[in-house]
Amino acid sequence: MDGRSFSEIHSRWFSPIQVLELDACTRCQECLNICPVTAIDRETSPMDRIGDWRRIVDRQTGIRARLFGRPSLDEKILHDLADSAYACTTCGACGVVCESGISTAQLWESMRGAIVDLGGSRAGVFADAAERIARFRNPYGAPQEKRSAWIPGDIVIADAAPVAYFPGCTVSFRQPEIGMAALRILQSLNIRFCMLGEEESCCGSLLFRTGHSPEDAEVIRNLIQAVVDRGVTTLLFTCAGCLKTATTDWPRVWGGPLPFTPVPFAVFLRDQIRQGRLSFQSRIARRVAYHDSCHAGRHLMHVLGRDQAFEAPREVLRAIPGIELTELRTNREFQICCGAGGGLKRKSPDLALAIAGRKVTDVRETGAEVLATTCPFCRRNILDAAGDTLEVVDIAELVAEALGLQADE
Ligand code: SF4
Ligand code: SF4
């Protein structure tokens, strides 16, 4: 606890509203019916997490603590708190159904931050990733000079431009096919755009989702400055995790509204279609279901609006000739998380995979042959669960295919 009291640490991480939220849980159990973790492991529940945390706060700050002194927060207590706080994808579904209106995803992140400050472990996997981000500027430990190695040589990237594309670490180092589709689309539209090249670094998603303080995020501040220095007004994202982080976390790091607008690539595509600037060459005669990622959907529906969060990607899919769009049993703000979020895939890969397995079952029930998404993490985790029984693609890949673009080289 580095000399700070429990109260100091708690006030640093929990806003006054969040302190009230801890008391607002009525134990109605609604959240248990939607939580993808509880569906697999009945011992873990968002309701109990709130109850456990409230008990700790009472013991540390209540009248007994003032009269008789605070009980020590031993390792076992911190370990149990961390175990519960990190057994969660931070998908926020529990918050959507919560009858007390608790903003659960933010509450879990505050708990994680406080646990780290209290001396609890962020869980080794996250500490390792944080170290790799500090050292290599990406969570995979890949050499920074290889960040742009996937970009085809014939793509023209301006030094500075009002439009920029931010692929993020996962696309650059793990799923370049998504980035290539995006670049080929931009190229076919003759749009002058820039990228950050070796000045790009991790957006900070993993850090923020797992208990890292935005005030300490010097690397993110430099990243935002690199965007500003290029005169960017529109920053395009094909990664839902980067998009959410840029939209909700970067302003906290920057200390106010960003001087540019983070835009989901699906919204950019939808706008191009509406303006008649995309002319599709091929039919994609397949039944396609759309998976709303938590980061680009539920987490941003109150920031970007439902139209951008939920409807724009569907409008893009409906515009592609031949595609028959079908809906999953749960969709939009009620969609069930793929299982990869909140660091769960790193911390508990088997649990993350089991959650994705349920998603694959949902897709099969619709008869869809293809699952489209806008999140590389969802794409990876669902693919890991489905093997070669289901095609899981990014919307940009489908659009590139329908435009007749060669997006694999
Ligand atoms: S955020 Fe998602 S995974 Fe976490 S407790 Fe809520 S519903 Fe469960
Ligand atoms: S839905 Fe909300 S009020 Fe009900 S048990 Fe869950 S956290 Fe508590």
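As the structure lists them, so they are numbered: ligands from 1, and atoms in each ligand from 1.
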Output the list of atoms in ligand 1 that are nearer than 4.0 Å to some heavy atom of Trp108, sorted by atom number.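 Here the atoms of ligand 1 in question are 1 (S), 4 (Fe), 5 (S), 6 (Fe).
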
Should you measure from each heavy atom of Thr89, which atoms of ligand 1 turn up under 4.0 Å away?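 The atoms of ligand 1 under 4.0 Å from a heavy atom of Thr89 are 2 (Fe), 3 (S), 4 (Fe).
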
Can the positive tip of Arg70 be found less than 6.0 Å from the middle of the six-membered ring of Phe6, inside 45° of the ring normal?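 Ring-cation test returns no.
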
Using the ring of Trp108 (Phe, Tyr or Trp, six-membered ring only), decide whether Arg49 places NZ or CZ under 6.0 Å from its centre and within 45 degrees of its axis.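 Because its charged atom sits under 6.0 Å from the ring centre and within 45° of the axis, Arg49 does stack over Trp108.
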
Just say parallel, tilted or perpendicular for the rings of Trp150 and Tyr165, cut-offs at 30° and 60°.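 Judged by the thresholds at 30° and 60°, the geometry between Trp150 and Tyr165 is perpendicular.
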
When you look at CD of Glu75, are more than 12 heavy atoms from neighbouring residues, nucleotides or ligands closer to it than 6.0 Å?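 12 or below, so no.
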
Could you tell me whether the side chain of [X] and the main chain of [Y] form a donor-acceptor pair under 3.5 Å?
| X | Y | value |
| --- | --- | --- |
| Glu8 | Ser5 | yes |
| Ser348 | Leu344 | no |
| Gln18 | Gln106 | yes |

Strictly under 2.8 Å of atom 2 (Fe) of ligand 2: which protein N/O/S atoms qualify?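 Protein N/O/S atoms under 2.8 Å of atom 2 (Fe) of ligand 2: Cys98 SG.
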
Among Arg306, Arg298, His299, side chain to side chain donor-acceptor pair (under 3.5 Å) partner for Glu333: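 So, applying the side chain to side chain donor-acceptor pair (under 3.5 Å) to Glu333 and each of Arg306, Arg298, His299, only Arg306 qualifies.
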
May I ask you to check whether Trp250 and Phe208 place their ring centers less than 6.0 Å from one another?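 No: the rings miss the under 6.0 Å criterion.
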
With the threshold set at under 4.0 angstrom, would you say [X] reaches ligand 1 through any of its heavy atoms?
| X | value |
| --- | --- |
| Gly92 | yes |
| Ile34 | no |
| Ala105 | no |

Ligand 2 atoms in contact with Arg27 (distance to a heavy atom under 4.0 Å):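 Those qualifying, in numeric order: 5 (S), 8 (Fe).
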
Are Arg379 and Glu177 packed together at the side-chain level, in the sense that at least one heavy-atom pair is separated by less than 4.5 angstrom?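 Yes; the side chains approach each other to less than 4.5 Å.
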
For a 4.5 angstrom cut-off between non-hydrogen side-chain atoms, does Ile115 reach Trp13?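 In short, these two side chains do not touch, never coming nearer than 4.5 Å.
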
Nearest protein heavy atom to [atom], by residue and atom, and its distance?
| atom | result |
| --- | --- |
| atom 8 (Fe) of ligand 1 | Cys35 SG, 2.3 Å |
| atom 2 (Fe) of ligand 1 | Cys91 SG, 2.3 Å |
| atom 4 (Fe) of ligand 1 | Cys88 SG, 2.3 Å |

Check each of Arg49, Arg298, Glu109 against atom 5 (S) of ligand 1 and report the one with the nearest heavy atom.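 Nearest option to atom 5 (S) of ligand 1, by heavy atoms: Arg49.
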
